[in-house]
Amino acid sequence: MADGKKLFPAPRLILAAIVAGLLAGAVAVYVRQSGSGNNEPGSVATASAGKDDTVCAAKAERAKKVAAAATGQVAALLPADPPQSLKTLAFNGPDGKPMTLADRSGKTVLVNLWATWCAPCRAEMPALDALQKEKGSDKFEVMTVNVDTGDDAKPKAFLEDIGVKSLAHYRDASMGVFNDLKKRGLALGLPVTLLVDGEGCLIGHMNGPAEWAGDDAKRLMDAALAN
């Protein structure tokens, strides 16, 4: 049998490989970040997002105050730490056209991602519908974004079957909105719910279902809408 020590590379070879890897990584970062000019579209978008995040980060205390009102059946809602801008969160609106949360500027929104294959999502849809019916206004909206792949037939049929009447139909068949939130560390699975203020700033977030039609949820929305 061969000497077991020969199965492993010498320390100097390991060190050389690490150094080579670091150099390659540095080159890769440089290539990705080097643009063709100062007015590169990506740079402009990044600058805008950075400015929005700075505005939102200043709302840390407000996020904690609102989240403190999350008790009982909505106690799983966590304060954004730090609050960040979700203006660029993209999906299709009720008219089927692309939109972002920036299109709801001035309105506090409770964004809920759901799918027909997610049992907890299906269970909480009537409660979200009831919350929208009671609290929906020009200042507040429950936005449920369906992430089923394929066309609209299945999710629309499900909502019709359970008698949902007050929720508008938002969609993202690409799962892009979920993946965006996953990269931000906000989505672990479905359902995921986000409380976003009128400036597009994330105030609170929750993974998992909740009883959104109950008094606890209504008090939380009142706290989010308070000046």
Side-chain angles (χ1 to χ4, degrees), residues 56-86 89 91 101 104 106-147 155 158-159 161-170 172 177-178 180-182 184-227:
C56 293
K59 300 186 180 187
E61 289 305 313
R62 171 160 172 73
K64 292 177 182 178
K65 182 178 179 180
V66 172
T71 59
Q73 295 176 321
V74 293
L77 184 121
L78 302 173
D81 184 24
Q84 59 182 283
S85 177
L86 293 185
L89 208 61
F91 41 86
L101 274 189
R104 292 295 181 267
K107 179 181 286 191
T108 296
V109 293
L110 186 71
V111 181
N112 175 275
L113 269 60
W114 72 283
T116 58
W117 43 261
C118 164
C121 302
R122 294 167 65 99
E124 72 175 354
M125 293 308 295
L128 288 162
D129 187 54
L131 180 62
Q132 171 61 21
K133 183 178 180 179
E134 180 170 342
K135 291 287 189 180
S137 67
D138 59 348
K139 294 183 178 180
F140 174 75
E141 181 182 1
V142 177
M143 300 177 66
T144 53
V145 183
N146 177 264
V147 295
F158 167 71
L159 295 176
D161 288 344
I162 65 173
V164 166
K165 301 293 184 183
S166 300
L167 297 173
H169 189 64
Y170 296 94
D172 178 28
V177 64
F178 176 82
D180 185 353
L181 293 175
K182 185 177 180 181
R184 295 170 184 259
L186 298 173
L188 303 177
L190 292 176
V192 57
T193 306
L194 315 164
L195 184 58
V196 183
D197 73 7
E199 291 187 284
C201 298
L202 177 68
I203 298 300
H205 58 97
M206 176 192 298
N207 277 271
E211 178 46 73
W212 295 107
D215 290 338
D216 294 327
K218 294 171 189 176
R219 281 192 291 269
L220 175 59
M221 297 309 113
D222 289 341
L225 290 166
N227 293 326

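Note that the numbering runs from 1 along the sequence shown for the chain.
Between Thr193 atom OG1 and Leu77 atom CG the span is 8.5 Å, to the nearest 0.5 Å. Once rounded to the nearest 0.5 Å, the distance linking NZ of Lys64 with CD1 of Ile203 reads 12.5 Å. We find the CG-NZ distance between Leu128 and Lys133 to be 15.0 Å, quoted to the nearest 0.5 Å. Distance CG/Leu190 to CG/Leu181: 10.0 Å, rounded to 0.5 Å. Rounding to the nearest 0.5 Å places OG of Ser166 at 14.5 Å from NZ of Lys135. Here Leu195 contributes atom CG and Met206 contributes atom CE; the two are 9.5 Å apart, rounded to the nearest 0.5 Å.
Across all their heavy atoms, Val147 and Ala115 have their closest contact at CG2-CB, 4.1 Å. In terms of heavy-atom proximity, Val74 sits nearest to Leu220 at CG2-CD2, 4.1 Å. In terms of heavy-atom proximity, Glu141 sits nearest to Ala168 at OE2-CB, 4.2 Å. Among all heavy-atom pairs drawn from Lys139 and Leu225, the shortest one is O-CD2, 3.6 Å. Scanning both residues, His169 and Pro155, for their nearest heavy atoms gives CE1-CB, 4.1 Å. The shortest non-hydrogen separation linking Ala67 to Leu78 is CB-C, 4.3 Å.
Counting heavy atoms from C-beta outward, Pro120 and Pro191 have side chains that approach closer than 4.5 Å. With contacts defined as side-chain heavy-atom distances shorter than 4.5 Å, the pair Met143/Val196 does not qualify. With a 4.5 Å cut-off on side-chain heavy atoms, Asp129 and Met125 do not count as touching. With contacts defined as side-chain heavy-atom distances shorter than 4.5 Å, the pair Leu110/Phe140 qualifies.
Proximity of a side-chain donor or acceptor of Asn207 to a complementary backbone N or O of Leu186 within less than 3.5 Å is detected. A donor-acceptor contact shorter than 3.5 Å links the side chain of Gln132 to the backbone of Val142.
Ion pairing of Arg219 with Asp222 is absent here, as no side-chain N (NZ or NE/NH1/NH2) approaches a carboxylate O to less than 4.0 Å.
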Practice problem: Determine, step by step, whether Leu194 and Leu89 satisfy the side-chain contact (heavy atoms from CB on, under 4.5 Å) criterion, reporting the C-alpha distance in whole Å, the side-chain angles of both residues, the deciding distance to 0.1 Å, and the verdict. | Solution: CA-CA 11 Å; Leu194 315 164; Leu89 208 61; 4.0 Å; yes
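Note on ring orientation: taking the six-membered ring where Trp is involved, the planes of Phe158 and Trp114 are tilted (angle from 30° to 60°).
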